[in-house]
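What follows is one structure encoded as C-alpha coordinates, with my remarks underneath.
Naming: A, B, ... by sequence-line order, numbering from 1 per chain. These numbers were taken from a predicted model, which means no experiment stands behind them. Just so it is clear, the values below take in all heavy atoms, side chains as well, and ignore hydrogens, waters and symmetry mates.
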Amino acid sequence: MNMTALDIWIVTGMLAVIIFALRNAFLFVPASLRPRGLLERALRYAPLAALTALVAPEVFKPWLAASAFSPALLVDSRLLSAMVLLGVVRLSGNALYGLLAGSAVFLLLGR
Amino acid sequence: MLRTVADAGQRPAAAARRARFATGARLSVPGMVGTFVWGIIAGVAMIQAGMSVAQSVGMTLIVFSGTAQLAALPLMASGASFALIGFTTFLTSLRFMIYSASLSRDLSRLPPALRSFAGYMTTDSGLAVYQTLSGRERRAQRTALFMGLNLPVWAAWQVGSLLGIAVMAYAEPGRDLGFLGTLAVLALIAQAMRVSLAWPVVIAATVVALIGVEWPHRAGMLLAVLAGVVTPLVLEARARSHRSAP
(Lines give C-alpha, C1' and ligand atoms only; values in the text may rest on other atoms or scores of the structure.)
Protein backbone atom coordinates (compact mmCIF):
# COMPACT_ATOMS: atom_id res chain seq x y z
CA MET A 1 0.00 0.00 0.00
CA ASN A 2 1.52 3.26 -1.14
CA MET A 3 -0.50 5.45 1.23
CA THR A 4 -0.35 6.62 4.84
CA ALA A 5 -3.08 5.63 7.30
CA LEU A 6 -4.51 9.16 7.06
CA ASP A 7 -4.57 8.95 3.24
CA ILE A 8 -6.51 5.69 3.42
CA TRP A 9 -9.13 7.25 5.71
CA ILE A 10 -9.39 10.29 3.42
CA VAL A 11 -9.95 8.00 0.42
CA THR A 12 -12.55 6.03 2.41
CA GLY A 13 -14.42 9.24 3.26
CA MET A 14 -14.20 10.43 -0.34
CA LEU A 15 -15.52 7.14 -1.76
CA ALA A 16 -18.34 7.18 0.79
CA VAL A 17 -19.40 10.72 -0.16
CA ILE A 18 -19.24 9.99 -3.92
CA ILE A 19 -21.20 6.75 -3.67
CA PHE A 20 -23.75 8.23 -1.28
CA ALA A 21 -24.26 11.21 -3.59
CA LEU A 22 -24.66 9.01 -6.69
CA ARG A 23 -27.09 6.64 -4.96
CA ASN A 24 -29.18 9.60 -3.78
CA ALA A 25 -28.77 11.86 -6.82
CA PHE A 26 -32.27 11.80 -8.28
CA LEU A 27 -33.97 11.09 -4.98
CA PHE A 28 -33.19 14.74 -4.17
CA VAL A 29 -32.74 16.34 -7.60
CA PRO A 30 -35.77 16.14 -9.92
CA ALA A 31 -35.40 13.17 -12.26
CA SER A 32 -36.37 15.44 -15.16
CA LEU A 33 -32.87 16.96 -14.88
CA ARG A 34 -31.10 13.69 -15.65
CA PRO A 35 -28.59 13.75 -18.51
CA ARG A 36 -29.94 13.19 -22.00
CA GLY A 37 -28.70 12.83 -25.55
CA LEU A 38 -24.98 12.44 -26.22
CA LEU A 39 -24.02 12.91 -22.55
CA GLU A 40 -26.46 10.20 -21.45
CA ARG A 41 -25.04 7.78 -24.02
CA ALA A 42 -21.44 8.62 -23.08
CA LEU A 43 -22.21 8.06 -19.40
CA ARG A 44 -23.75 4.70 -20.28
CA TYR A 45 -20.42 3.41 -21.66
CA ALA A 46 -18.17 5.09 -19.06
CA PRO A 47 -18.46 2.51 -16.24
CA LEU A 48 -17.57 -0.43 -18.51
CA ALA A 49 -14.70 1.55 -20.05
CA ALA A 50 -13.34 2.60 -16.64
CA LEU A 51 -13.56 -0.89 -15.12
CA THR A 52 -11.84 -2.38 -18.18
CA ALA A 53 -9.08 0.25 -18.07
CA LEU A 54 -8.44 -0.70 -14.43
CA VAL A 55 -8.54 -4.46 -14.89
CA ALA A 56 -6.63 -4.94 -18.17
CA PRO A 57 -3.14 -4.10 -16.78
CA GLU A 58 -3.77 -6.42 -13.81
CA VAL A 59 -4.74 -9.36 -16.03
CA PHE A 60 -1.81 -8.83 -18.39
CA LYS A 61 0.73 -7.99 -15.68
CA PRO A 62 3.04 -10.94 -16.52
CA TRP A 63 2.83 -10.01 -20.22
CA LEU A 64 3.73 -6.41 -19.49
CA ALA A 65 6.65 -7.49 -17.29
CA ALA A 66 8.06 -10.01 -19.82
CA SER A 67 10.94 -8.90 -22.02
CA ALA A 68 10.17 -11.45 -24.75
CA PHE A 69 7.32 -13.78 -25.59
CA SER A 70 7.44 -17.21 -24.01
CA PRO A 71 4.84 -20.00 -24.17
CA ALA A 72 4.57 -19.84 -20.38
CA LEU A 73 2.72 -16.53 -20.76
CA LEU A 74 -0.16 -18.35 -22.45
CA VAL A 75 -0.77 -20.58 -19.44
CA ASP A 76 -0.20 -17.90 -16.83
CA SER A 77 -2.60 -18.23 -13.87
CA ARG A 78 -3.95 -14.69 -14.27
CA LEU A 79 -4.73 -14.96 -17.96
CA LEU A 80 -6.13 -18.49 -17.70
CA SER A 81 -8.40 -17.73 -14.76
CA ALA A 82 -9.65 -14.58 -16.51
CA MET A 83 -10.42 -16.57 -19.67
CA VAL A 84 -12.24 -19.28 -17.71
CA LEU A 85 -14.26 -16.60 -15.90
CA LEU A 86 -15.28 -14.89 -19.15
CA GLY A 87 -16.15 -18.22 -20.77
CA VAL A 88 -18.31 -19.40 -17.86
CA VAL A 89 -20.19 -16.08 -17.64
CA ARG A 90 -20.72 -16.25 -21.39
CA LEU A 91 -22.11 -19.81 -21.24
CA SER A 92 -24.08 -19.65 -17.98
CA GLY A 93 -25.09 -16.00 -18.05
CA ASN A 94 -24.28 -15.94 -14.33
CA ALA A 95 -21.51 -13.69 -13.00
CA LEU A 96 -21.27 -15.62 -9.72
CA TYR A 97 -20.54 -18.95 -11.47
CA GLY A 98 -17.88 -17.20 -13.55
CA LEU A 99 -16.27 -15.68 -10.47
CA LEU A 100 -16.25 -19.02 -8.62
CA ALA A 101 -14.78 -20.87 -11.62
CA GLY A 102 -12.16 -18.18 -12.30
CA SER A 103 -11.16 -18.03 -8.63
CA ALA A 104 -10.86 -21.82 -8.47
CA VAL A 105 -8.56 -21.86 -11.51
CA PHE A 106 -6.43 -19.06 -10.05
CA LEU A 107 -6.11 -20.79 -6.67
CA LEU A 108 -5.41 -24.23 -8.19
CA LEU A 109 -2.75 -23.02 -10.64
CA GLY A 110 -0.87 -21.32 -7.84
CA ARG A 111 1.59 -18.47 -7.99
CA MET B 1 -62.00 5.14 22.39
CA LEU B 2 -59.75 7.29 20.27
CA ARG B 3 -57.02 4.73 20.67
CA THR B 4 -59.12 1.88 19.33
CA VAL B 5 -60.06 3.88 16.27
CA ALA B 6 -56.41 4.68 15.59
CA ASP B 7 -55.36 1.07 16.16
CA ALA B 8 -58.02 -0.24 13.88
CA GLY B 9 -56.78 2.08 11.16
CA GLN B 10 -53.11 1.35 11.63
CA ARG B 11 -52.87 -2.33 12.30
CA PRO B 12 -53.76 -3.53 8.80
CA ALA B 13 -51.41 -0.94 7.28
CA ALA B 14 -48.53 -2.00 9.52
CA ALA B 15 -49.27 -5.64 8.79
CA ALA B 16 -49.29 -4.93 5.06
CA ARG B 17 -45.93 -3.17 5.36
CA ARG B 18 -44.47 -6.09 7.29
CA ALA B 19 -45.81 -8.51 4.71
CA ARG B 20 -44.20 -6.53 1.89
CA PHE B 21 -40.90 -6.40 3.78
CA ALA B 22 -41.06 -10.18 4.26
CA THR B 23 -41.79 -10.68 0.55
CA GLY B 24 -38.79 -8.55 -0.34
CA ALA B 25 -36.54 -10.36 2.12
CA ARG B 26 -37.58 -13.73 0.69
CA LEU B 27 -36.89 -12.60 -2.87
CA SER B 28 -33.52 -11.10 -1.89
CA VAL B 29 -31.95 -14.50 -1.11
CA PRO B 30 -30.34 -15.17 -4.53
CA GLY B 31 -28.86 -11.66 -4.49
CA MET B 32 -27.57 -12.22 -0.96
CA VAL B 33 -25.55 -15.27 -2.06
CA GLY B 34 -23.70 -13.39 -4.79
CA THR B 35 -23.20 -10.28 -2.65
CA PHE B 36 -21.84 -12.44 0.19
CA VAL B 37 -19.20 -13.94 -2.13
CA TRP B 38 -18.24 -10.51 -3.49
CA GLY B 39 -18.01 -9.30 0.13
CA ILE B 40 -15.58 -12.07 1.07
CA ILE B 41 -13.35 -11.21 -1.90
CA ALA B 42 -13.47 -7.48 -1.15
CA GLY B 43 -12.45 -8.22 2.44
CA VAL B 44 -9.58 -10.42 1.26
CA ALA B 45 -8.48 -7.84 -1.31
CA MET B 46 -8.46 -4.93 1.15
CA ILE B 47 -6.21 -6.71 3.66
CA GLN B 48 -4.04 -8.06 0.84
CA ALA B 49 -3.59 -4.52 -0.50
CA GLY B 50 -2.10 -3.56 2.86
CA MET B 51 -5.02 -1.96 4.69
CA SER B 52 -5.35 -2.59 8.43
CA VAL B 53 -8.30 -4.48 9.89
CA ALA B 54 -9.81 -1.23 11.23
CA GLN B 55 -9.41 0.53 7.86
CA SER B 56 -10.93 -2.39 5.98
CA VAL B 57 -13.90 -2.68 8.33
CA GLY B 58 -14.38 1.09 8.18
CA MET B 59 -14.31 1.19 4.39
CA THR B 60 -16.73 -1.69 3.96
CA LEU B 61 -19.23 -0.27 6.49
CA ILE B 62 -19.16 3.33 5.24
CA VAL B 63 -18.67 2.95 1.48
CA PHE B 64 -20.74 -0.21 0.98
CA SER B 65 -19.94 -0.70 -2.71
CA GLY B 66 -17.95 -3.67 -3.95
CA THR B 67 -17.22 -2.13 -7.33
CA ALA B 68 -16.00 1.17 -5.89
CA GLN B 69 -13.87 -0.50 -3.22
CA LEU B 70 -12.33 -3.11 -5.53
CA ALA B 71 -11.72 -0.53 -8.26
CA ALA B 72 -10.02 1.88 -5.85
CA LEU B 73 -7.61 -0.71 -4.39
CA PRO B 74 -5.10 -0.95 -7.29
CA LEU B 75 -5.08 2.85 -7.53
CA MET B 76 -4.50 3.21 -3.79
CA ALA B 77 -1.79 0.54 -3.85
CA SER B 78 0.11 2.47 -6.52
CA GLY B 79 -0.31 5.77 -4.67
CA ALA B 80 -2.57 7.47 -7.23
CA SER B 81 -3.80 11.00 -6.48
CA PHE B 82 -7.05 11.60 -4.58
CA ALA B 83 -8.45 13.35 -7.67
CA LEU B 84 -7.81 10.32 -9.89
CA ILE B 85 -9.27 7.89 -7.35
CA GLY B 86 -12.33 10.11 -6.93
CA PHE B 87 -12.85 10.51 -10.66
CA THR B 88 -12.50 6.78 -11.29
CA THR B 89 -14.95 6.01 -8.49
CA PHE B 90 -17.43 8.43 -10.00
CA LEU B 91 -17.13 6.78 -13.44
CA THR B 92 -17.30 3.18 -12.25
CA SER B 93 -20.33 3.88 -10.05
CA LEU B 94 -22.46 5.93 -12.45
CA ARG B 95 -25.03 3.15 -12.48
CA PHE B 96 -26.14 4.25 -9.01
CA MET B 97 -27.16 7.59 -10.50
CA ILE B 98 -29.30 5.77 -13.08
CA TYR B 99 -30.80 3.64 -10.29
CA SER B 100 -31.73 6.77 -8.34
CA ALA B 101 -33.50 8.20 -11.38
CA SER B 102 -35.55 5.01 -11.73
CA LEU B 103 -36.44 5.10 -8.00
CA SER B 104 -37.24 8.77 -7.79
CA ARG B 105 -40.95 8.30 -8.48
CA ASP B 106 -41.37 5.82 -5.62
CA LEU B 107 -38.99 7.25 -3.04
CA SER B 108 -38.60 10.99 -3.57
CA ARG B 109 -41.56 11.89 -1.36
CA LEU B 110 -40.19 10.13 1.71
CA PRO B 111 -38.84 12.31 4.54
CA PRO B 112 -35.23 13.25 3.70
CA ALA B 113 -33.61 11.07 6.39
CA LEU B 114 -35.50 7.93 5.39
CA ARG B 115 -35.05 8.77 1.70
CA SER B 116 -31.26 9.08 1.96
CA PHE B 117 -31.18 5.87 4.02
CA ALA B 118 -33.08 4.11 1.22
CA GLY B 119 -30.64 5.63 -1.27
CA TYR B 120 -27.62 4.39 0.70
CA MET B 121 -29.21 0.92 0.84
CA THR B 122 -29.71 0.61 -2.93
CA THR B 123 -28.02 -2.57 -4.18
CA ASP B 124 -27.69 -3.97 -7.69
CA SER B 125 -29.50 -7.23 -6.93
CA GLY B 126 -32.16 -5.58 -4.76
CA LEU B 127 -33.02 -3.03 -7.44
CA ALA B 128 -33.08 -5.65 -10.20
CA VAL B 129 -35.80 -7.60 -8.37
CA TYR B 130 -37.65 -4.43 -7.29
CA GLN B 131 -38.02 -3.33 -10.90
CA THR B 132 -39.69 -6.61 -11.84
CA LEU B 133 -42.32 -6.10 -9.12
CA SER B 134 -44.25 -3.12 -10.39
CA GLY B 135 -47.36 -3.29 -8.28
CA ARG B 136 -50.18 -0.88 -7.63
CA GLU B 137 -49.86 -0.41 -3.91
CA ARG B 138 -49.46 2.25 -1.26
CA ARG B 139 -46.19 4.11 -1.16
CA ALA B 140 -45.46 2.83 2.36
CA GLN B 141 -45.82 -0.77 1.19
CA ARG B 142 -43.61 -0.05 -1.80
CA THR B 143 -40.96 1.38 0.53
CA ALA B 144 -41.24 -1.67 2.80
CA LEU B 145 -40.75 -3.93 -0.21
CA PHE B 146 -37.68 -1.92 -1.26
CA MET B 147 -36.18 -2.19 2.22
CA GLY B 148 -36.98 -5.90 2.37
CA LEU B 149 -35.13 -6.43 -0.89
CA ASN B 150 -32.07 -4.39 0.04
CA LEU B 151 -31.48 -4.67 3.80
CA PRO B 152 -30.67 -8.43 3.70
CA VAL B 153 -28.27 -7.80 0.82
CA TRP B 154 -26.61 -5.06 2.88
CA ALA B 155 -26.23 -7.53 5.76
CA ALA B 156 -24.88 -10.26 3.46
CA TRP B 157 -22.28 -7.82 2.12
CA GLN B 158 -21.14 -6.79 5.61
CA VAL B 159 -20.96 -10.36 6.92
CA GLY B 160 -19.09 -11.54 3.81
CA SER B 161 -16.63 -8.64 4.01
CA LEU B 162 -15.97 -9.18 7.72
CA LEU B 163 -15.41 -12.88 7.05
CA GLY B 164 -12.90 -12.10 4.29
CA ILE B 165 -11.12 -9.58 6.51
CA ALA B 166 -11.02 -12.02 9.45
CA VAL B 167 -9.73 -14.92 7.36
CA MET B 168 -6.93 -12.78 5.92
CA ALA B 169 -6.05 -11.16 9.24
CA TYR B 170 -5.78 -14.38 11.23
CA ALA B 171 -4.82 -17.03 8.67
CA GLU B 172 -1.75 -15.91 6.76
CA PRO B 173 -2.20 -17.11 3.18
CA GLY B 174 0.97 -18.32 1.52
CA ARG B 175 0.46 -16.28 -1.61
CA ASP B 176 -0.86 -13.05 -3.07
CA LEU B 177 -4.64 -13.25 -3.30
CA GLY B 178 -5.10 -9.67 -4.51
CA PHE B 179 -5.89 -10.91 -8.02
CA LEU B 180 -9.16 -12.38 -6.71
CA GLY B 181 -10.33 -8.75 -6.38
CA THR B 182 -9.47 -8.22 -10.05
CA LEU B 183 -11.46 -11.34 -10.97
CA ALA B 184 -14.44 -10.01 -8.98
CA VAL B 185 -14.37 -6.83 -11.08
CA LEU B 186 -13.86 -8.84 -14.27
CA ALA B 187 -17.01 -10.83 -13.49
CA LEU B 188 -18.95 -7.56 -13.30
CA ILE B 189 -17.44 -6.53 -16.65
CA ALA B 190 -18.46 -9.88 -18.15
CA GLN B 191 -22.00 -9.38 -16.89
CA ALA B 192 -22.14 -5.84 -18.28
CA MET B 193 -20.88 -7.10 -21.66
CA ARG B 194 -24.30 -8.41 -22.60
CA VAL B 195 -25.41 -4.94 -23.74
CA SER B 196 -24.90 -3.87 -27.35
CA LEU B 197 -21.57 -2.32 -28.37
CA ALA B 198 -19.91 -3.67 -25.23
CA TRP B 199 -17.17 -5.42 -27.23
CA PRO B 200 -15.90 -2.20 -28.86
CA VAL B 201 -15.81 -0.56 -25.41
CA VAL B 202 -13.80 -3.40 -23.86
CA ILE B 203 -11.40 -3.85 -26.78
CA ALA B 204 -10.66 -0.14 -27.17
CA ALA B 205 -10.17 0.38 -23.43
CA THR B 206 -7.97 -2.72 -23.09
CA VAL B 207 -5.69 -1.84 -26.01
CA VAL B 208 -5.12 1.74 -24.88
CA ALA B 209 -4.71 0.75 -21.22
CA LEU B 210 -2.02 -1.81 -22.12
CA ILE B 211 -0.17 0.53 -24.48
CA GLY B 212 -0.24 3.40 -22.02
CA VAL B 213 0.40 1.48 -18.82
CA GLU B 214 3.74 3.24 -18.18
CA TRP B 215 2.61 6.74 -19.16
CA PRO B 216 2.95 9.37 -16.43
CA HIS B 217 0.03 10.47 -14.23
CA ARG B 218 -1.96 7.41 -15.27
CA ALA B 219 -2.60 9.12 -18.60
CA GLY B 220 -2.88 5.69 -20.22
CA MET B 221 -5.79 4.76 -17.97
CA LEU B 222 -7.63 8.03 -18.56
CA LEU B 223 -7.13 7.79 -22.33
CA ALA B 224 -8.30 4.17 -22.18
CA VAL B 225 -11.56 5.32 -20.58
CA LEU B 226 -11.90 8.00 -23.24
CA ALA B 227 -11.27 5.45 -26.02
CA GLY B 228 -13.80 3.08 -24.47
CA VAL B 229 -16.45 5.81 -24.47
CA VAL B 230 -15.73 7.43 -27.84
CA THR B 231 -15.45 4.20 -29.87
CA PRO B 232 -19.08 3.05 -29.37
CA LEU B 233 -20.35 6.62 -29.87
CA VAL B 234 -18.56 6.77 -33.25
CA LEU B 235 -19.98 3.37 -34.19
CA GLU B 236 -23.46 4.54 -33.17
CA ALA B 237 -23.12 7.67 -35.29
CA ARG B 238 -21.90 5.65 -38.28
CA ALA B 239 -24.79 3.18 -37.96
CA ARG B 240 -27.21 6.11 -37.92
CA SER B 241 -25.71 7.77 -40.99
CA HIS B 242 -25.80 4.44 -42.88
CA ARG B 243 -29.45 4.01 -41.99
CA SER B 244 -30.39 7.52 -43.09
CA ALA B 245 -28.45 7.20 -46.38
CA PRO B 246 -30.72 6.74 -49.44
Side-chain angles (χ1 to χ4, degrees), chain A residues 1-3 5 7-16 18-20 22-28 30-31 34 38 41-60 63-64 77-78 81-82 85-86 89-90 93 95-96 98-100 102-103 106-107 110-111, chain B residues 34 37 49-51 55 58-59 62-63 65 68 71-72 74 76-79 82 85-86 88-97 100-101 103-104 107-108 115-116 119-120 122 179-180 182-187 189-192 198 201-202 205-206 209-210 213 221 224-225 228-229 232-233:
Chain A
M1 181 59 68
N2 215 333
M3 284 196 156
D7 286 348
I8 292 176
W9 283 113
I10 292 173
V11 168
T12 297
M14 187 174 70
L15 295 195
I18 293 170
I19 299 296
F20 187 83
L22 285 171
R23 275 184 166 131
N24 276 288
F26 294 108
L27 299 186
F28 287 85
R34 68 174 178 271
L38 184 65
R41 295 207 305 282
L43 292 180
R44 196 175 344 136
Y45 296 119
L48 185 58
L51 291 175
T52 306
L54 279 169
V55 159
E58 298 291 325
V59 173
F60 287 96
W63 289 66
L64 294 168
S77 63
R78 288 179 175 234
S81 55
L85 183 153
L86 290 173
V89 176
R90 181 102 187 145
L96 178 59
L99 177 58
L100 293 175
S103 301
F106 180 72
L107 294 174
R111 292 200 17 81
Chain B
V37 173
M51 289 170 66
Q55 289 160 350
M59 180 181 264
I62 306 171
V63 179
S65 167
M76 292 169 72
S78 67
F82 293 152
I85 297 174
T88 310
T89 304
F90 172 78
L91 289 179
T92 56
S93 304
L94 275 168
R95 71 185 188 290
F96 286 132
M97 199 173 80
S100 78
L103 287 167
S104 96
L107 300 180
S108 61
R115 197 190 323 163
S116 56
Y120 162 77
T122 313
F179 190 67
L180 292 180
T182 304
L183 287 176
V185 176
L186 189 64
I189 292 175
Q191 195 174 38
V201 177
V202 168
T206 301
L210 293 181
V213 75
M221 197 202 97
V225 177
V229 171
L233 291 178

For chain B, the option from [options] that forms the most heavy-atom pairs under 4.5 Å:
options: L38(A), I18(A), V89(A), L48(A); result: L48(A)
options: I10(A), L43(A), I8(A); result: I8(A)
options: G13(A), G102(A), A50(A); result: A50(A)
options: G98(A), A49(A), P30(A), A56(A); result: A49(A)
options: D7(A), L96(A), N24(A); result: N24(A)
options: E58(A), R23(A), M1(A); result: R23(A)

Practice item. To the nearest 0.5 Å, tell me how far L51(A) CG sits from T182(B) OG1. Key: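 Taking CG in L51(A) and OG1 in T182(B), the distance rounds to 11.5 Å.
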
**Study point:** Proximity breakdown for S78(B) and chain A, heavy-atom pairs closer than 4.5 Å
**Key:**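 Backbone only.
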
Heavy-atom distances under 4.5 Å only: say whether [X] touches chain B with side chain, backbone, both or neither.
X: L100(A); result: side chain
X: L85(A); result: side chain
X: R41(A); result: both

Exercise for review: Could I get the full list of ring-ring contact (aromatic ring centres under 6.0 Å, His included) partners for F179(B), not counting sequence neighbours?
Suggested key: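 F179(B): ring-ring contact (aromatic ring centres under 6.0 Å, His included) contacts with F106(A).
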
Point to revise | side-chain hydrogen bond (donor to acceptor under 3.5 Å, both in side chains) against N2(A), all qualifying residues, sequence neighbours excluded | key: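 Partners of N2(A) under the side-chain hydrogen bond (donor to acceptor under 3.5 Å, both in side chains) test: none.
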
Exercise for review: Taking all non-hydrogen atoms of both residues into account, name the closest pair between V225(B) and A53(A) and its distance.
Suggested key: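 Looking at all heavy atoms of both residues, the shortest contact is CG2-CB, 4.0 Å.
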
Review point. Which heavy atom in L54(A) sits nearest to a heavy atom in M221(B), and how many Å separate them?
Key: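 Heavy-atom minimum between the residues: CD2-SD, 3.8 Å.
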
Review point. Can you check side-chain contact (heavy atoms from CB on, under 4.5 Å) on M76(B) and L15(A), steps first, answer last?
Key: CA-CA 12 Å; M76(B) 292 169 72; L15(A) 295 195; 5.6 Å; no

